Amino acid sequence: MSWEQPGAGQPGRPGLEAAYEDSLRRTSSFMHLMSQAAAQRIGVNPTDLNVLNILSLGGRLTAGQLAQQTGLTTASITGVVDRLEEAGYVRRERDPSDRRRVVINLIIEPVLRDVVTAFAPMLAAWKKVADGYTDAELELIIGFQAKTEQVLREHLDRLRQPEAAAADPAR
């Protein structure tokens, strides 16, 4: 799959900025498509796969914490966790420090077998790409990624605000 790079033909800084924005948009689209394809391969839906990813990054979380991070309702998260538990990828456990609290934990073996296996070729390819950069260049790239993530978090929060939904003419 290939898409044209409209900004690439413009001269100077405007062309670079357009190419940068186009690149971010293409990467976002491909990440979304990759997530859909991987979820299908694994046998879950993309939302469930995203929850697995959040759990792998954040460790044990409550349903409320997952709801907050995904923007889903707690009822929807309950359905996601039910499906993931049925598939053998997570388990609900009582928090040993607060028995009233239930946390969701990944079950590592099936996640490694199914989820990590689906992504392993891409991770290996990313490592090859990273091998072509110096440590200083990788630090710059990691800094860029962190700033991009922060922009995404800020705008995700903005879009999740009720007044943003009411003011959004697309709704």
Side-chain angles (χ1 to χ4, degrees), residues 1-3 23-130 142 144-171:
M1 182 182 297
S2 118
W3 294 323
S23 175
L24 288 173
R25 290 176 57 211
R26 273 191 308 282
T27 298
S28 174
S29 289
F30 278 114
M31 291 294 286
H32 184 76
L33 293 170
M34 178 65 189
S35 180
Q36 289 176 323
Q40 185 175 15
R41 172 69 57 96
I42 295 162
V44 298
N45 69 48
T47 299
D48 295 358
L49 181 60
N50 188 41
V51 167
L52 285 174
N53 189 41
I54 290 169
L55 285 167
S56 75
L57 293 168
R60 39 191 281 145
L61 298 170
T62 66
Q65 290 168 323
L66 282 171
Q68 183 179 16
Q69 289 190 28
T70 61
L72 297 172
T73 65
T74 52
S76 293
I77 282 296
T78 298
V80 169
V81 174
D82 287 347
R83 288 190 300 273
L84 292 175
E85 197 169 41
E86 176 73 23
Y89 294 123
V90 302
R91 86 172 49 93
R92 291 174 171 99
E93 297 176 349
R94 294 272 174 210
D95 186 336
S97 62
D98 181 353
R99 301 292 297 160
R100 296 169 295 172
R101 194 170 113 146
V102 174
V103 293
I104 293 88
N105 285 314
L106 283 178
I107 303 174
I108 298 302
E109 297 78 22
V111 170
L112 289 173
R113 179 192 67 228
D114 301 337
V115 181
V116 173
T117 300
F119 286 96
M122 181 178 69
L123 296 173
W126 279 350
K127 183 179 180 332
K128 280 179 124 173
V129 170
I142 292 166
F144 166 79
Q145 287 293 119
K147 289 177 182 177
T148 300
E149 180 181 327
Q150 185 57 41
V151 168
L152 289 169
R153 284 177 186 271
E154 289 168 6
H155 288 276
L156 182 58
D157 289 344
R158 176 184 59 81
L159 289 171
R160 285 181 174 166
Q161 295 302 313
E163 61 274 6
D168 186 353
R171 287 196 142 214

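Note that the numbering runs from 1 along the sequence shown for the chain. Just so it is clear, the structure is predicted and the values come from calculations on it, not from any experiment.
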- Below 4.5 Å, heavy atoms only, C-beta onward: do R94 and V102 meet side chain to side chain? yes
Minimal heavy-atom distance between A39 and P46, with the atoms involved, is CB-N, 3.7 Å
Exactly one candidate in T117, V111, L49 meets side chain to side chain contact (heavy atoms under 4.5 Å, CB included) with I42; the answer is L49
Flag the pair L55 / L66 as yes when at least one side-chain heavy-atom distance between them is below 4.5 Å, and no otherwise.
yes
Rounded to the nearest 0.5 angstrom, the CD-CD1 distance for E149 and I142 is 12.5 Å
Testing the 3.5 Å rule here: is there a donor-acceptor pair between the side chains of Y89 and D114? yes
- Main-chain N/O of N105 paired with R60 side-chain donor or acceptor, under 3.5 Å: no
Original post:
Quick one: are D82 and E86 in side-chain contact, heavy atoms under 4.5 Å?
Top reply: no
Discussion item. So L61 and I104, do their side chains get closer than 4.5 Å, heavy atoms only?
Written reply: no
CD1 (I77) and OG1 (T70) are apart, to the nearest 0.5 Å, by 3.5 Å
How about L106 and L84: do any of their side-chain heavy atoms sit closer than 4.5 Å? no
Less than 4.0 angstrom from a charged side-chain N to a carboxylate O is my criterion; do R158 and E154 meet it? no
When you measure from the side chain of S28 to the backbone N and O of L24, does any donor-acceptor pair fall under 3.5 Å?
no
Practice task
Could you tell me whether the side chain of L152 reaches within less than 4.5 Å of the side chain of L156, counting heavy atoms only?
Solution key: no
Taken to the nearest 0.5 Å, the spacing of R83 CZ from T78 OG1 works out to 10.5 Å
Heavy atoms of E85 and R91 approach each other most closely as OE2-CA, 3.8 Å
Checking the side chain of S29 only, and the main-chain atoms of R25 only, is there a donor and an acceptor separated by less than 3.5 Å?
yes
_Check whether S56 reaches the backbone of N53 with its side chain - one donor and one acceptor, N or O, closer than 3.5 Å._
yes
| Does a donor on one side chain sit under 3.5 Å from an acceptor on the other, for Q36 and Q40? | no
Do T62 and Q68 have side chains that approach each other closer than 4.5 Å (heavy atoms only, starting at C-beta)? no
- Message: With side chain to side chain contact (heavy atoms under 4.5 Å, CB included) as the criterion, how do L52 and V90 come out once you've worked through the C-alpha distance, each side chain's angles and the decisive distance to 0.1 Å?
- Response: CA-CA 8 Å; L52 285 174; V90 302; 4.0 Å; yes
Smallest heavy-atom separation, G64 atom then T74 atom, equals CA-CG2, 4.3 Å
Evaluate side chain to side chain contact (heavy atoms under 4.5 Å, CB included) for N50 paired with S35, printing each intermediate quantity in order.
-> CA-CA 8 Å; N50 188 41; S35 180; 5.7 Å; no
